[in-house]
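What you are looking at is a predicted structure, and each value in this text was computed from that prediction instead of being measured.
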Amino acid sequence: MPRLEHWNLRTFDLGRTIAFYEDVVGLRSGPFPGKPGAGAWLYDETDIPVVHVVRLDCSQREREMARISARLGDLGPPVDLDRRGSGVIDHVAFACNGLPATRSRLADRGVPFREVSFPRLGLTQILVCDPNGVVLELNFRETALEAANGADA
């Protein structure tokens with residue numbers, strides 16, 4: 001049965017992107033097989049790399065688009081690195097813990113977010129955009145202990 005292993009994000013601002021996923025989402029930067037400064041792997045709490053970030057060079061925009069297009073061949077439409085956001089992908093979701101702490105971190109850093117609650121499912125979602133405009137859905141599932149105590153997981 002297939003399972004999602006990781007997703008790849010191209011960015012012109014590697015440092016800001018890494019900082020966002022570490023600080024806001026709670027992933028951590030770890031061993032990366034490429035050249036230093038060329039990208040990053042961001043790992044979850046089980047030491048699985050779940051986000052592969054690739055640094056793009058703004059001054060080499062045309063070369064970057066040609067390189068990516070050549071890798072993909074005729075699999076899809078031409079690459080447009082000037083677009084931001086999730087494109088045809090609506091969002092990427094993460095299972096998270098620590099809803100109150102996440103709310104506080106976002107507020108302290110002035111990161112806009114929207115919160116949606118599904119009480120019958122014991123689910124609260126925080127919707128937020130990363131520095132590249134990709135929509136993230138941070139899912140917090142309430143446990144019986146959290147419901148009783150109103151505490152962080």
Side-chain angles (χ1 to χ4, degrees), residues 1-116 123-143 146 152-153:
M1 179 88 173
R3 68 170 177 76
L4 181 64
E5 187 165 299
H6 72 270
W7 63 282
N8 182 270
L9 174 65
R10 299 178 187 128
T11 183
F12 288 107
D13 193 341
L14 182 63
R16 187 169 170 225
T17 300
I18 292 169
F20 177 89
Y21 280 90
E22 287 180 329
D23 197 34
V24 173
V25 179
L27 299 177
R28 68 168 182 78
S29 188
F32 176 68
K35 295 186 308 185
W41 274 108
L42 299 169
Y43 292 75
D44 68 10
E45 73 280 354
T46 64
D47 290 329
I48 302 291
V50 294
V51 181
H52 177 196
V53 185
V54 174
R55 182 186 60 82
L56 297 175
D57 183 346
C58 299
S59 67
Q60 301 291 320
R61 185 178 299 272
E62 293 302 317
R63 194 183 101 225
E64 294 278 16
M65 286 193 292
R67 182 183 60 77
I68 294 165
S69 291
R71 180 172 181 257
L72 295 176
D74 61 358
L75 290 177
V79 174
D80 178 3
L81 296 177
D82 292 320
R83 294 185 56 194
R84 293 179 42 82
S86 300
V88 297
I89 296 174
D90 183 70
H91 66 273
V92 176
F94 289 95
C96 298
N97 293 315
L99 177 60
T102 300
R103 281 187 196 120
S104 294
R105 266 196 321 275
L106 292 168
D108 291 348
R109 287 154 183 81
V111 176
F113 66 95
R114 191 171 67 119
E115 188 171 318
V116 183
L123 174 67
T124 300
Q125 296 176 332
I126 288 185
L127 303 173
V128 63
C129 287
D130 83 353
N132 307 286
V134 175
V135 176
L136 302 180
E137 177 184 290
L138 308 179
N139 289 319
F140 298 86
R141 287 182 171 75
E142 187 177 275
T143 66
E146 289 170 327
D152 238 348

Using 30° and 60° as the class limits, which term best fits the ring planes of H6 and W41: parallel, tilted or perpendicular? perpendicular
With a 4.5 Å cut-off on side-chain heavy atoms, are V134 and F20 touching? no
Who passes side-chain contact (heavy atoms from CB on, under 4.5 Å) against R105, sequence neighbours left out? D23, A101, T102, R109
Within-4.5 Å side-chain heavy-atom neighbours: D44 and L27: yes
Checking side chain to side chain contact (heavy atoms under 4.5 Å, CB included) for the pair V53/Y21: CA distance, chi angles, key distance, verdict? CA-CA 10 Å; V53 185; Y21 280 90; 5.5 Å; no
Side chains of P49 and F32 in contact at under 4.5 Å (non-hydrogen atoms): no
Looking at S29 and I18, what are the two nearest heavy atoms and their distance? CB-CG2, 4.2 Å
How close do F140 and G98 get, heavy atom to heavy atom, and via which atoms? CE2-C, 3.7 Å
Quick one: does any side-chain atom of R10 pair with a main-chain N or O of L56 as donor and acceptor, under 3.5 Å? no
NE2 (H52) and CD (E5) are apart, to the nearest 0.5 Å, by 12.0 Å
With rounding to the nearest 0.5 Å, note down the distance linking CG in N97 to CG in N139. 11.5 Å
Rounded to the nearest 0.5 Å, what separates atom CD in E137 from atom CZ in F94? 11.0 Å
Any chance you could measure L136, atom CG, to D130, atom CG, to the nearest 0.5 Å? 5.5 Å
Are L138 and F113 packed together at the side-chain level, in the sense that at least one heavy-atom pair is separated by less than 4.5 angstrom? no
Rounded to the nearest 0.5 Å, what separates atom CD1 in I126 from atom CZ in R114? 11.5 Å
Does any part of the side chain of V51, heavy atoms only, come nearer than 4.5 Å to the side chain of W7, both counted from C-beta? yes
To the closest 0.5 Å, what do you measure between OG1 (T11) and CZ (R16)? 8.5 Å
Do R141 and L123 have side-chain heavy atoms sitting under 4.5 Å apart? yes
Which pair of heavy atoms, one from C129 and one from G133, lies closest together, and at what distance? SG-O, 4.3 Å
Has Y43 got a side-chain atom pairing as donor or acceptor with P31's backbone, closer than 3.5 angstrom? yes
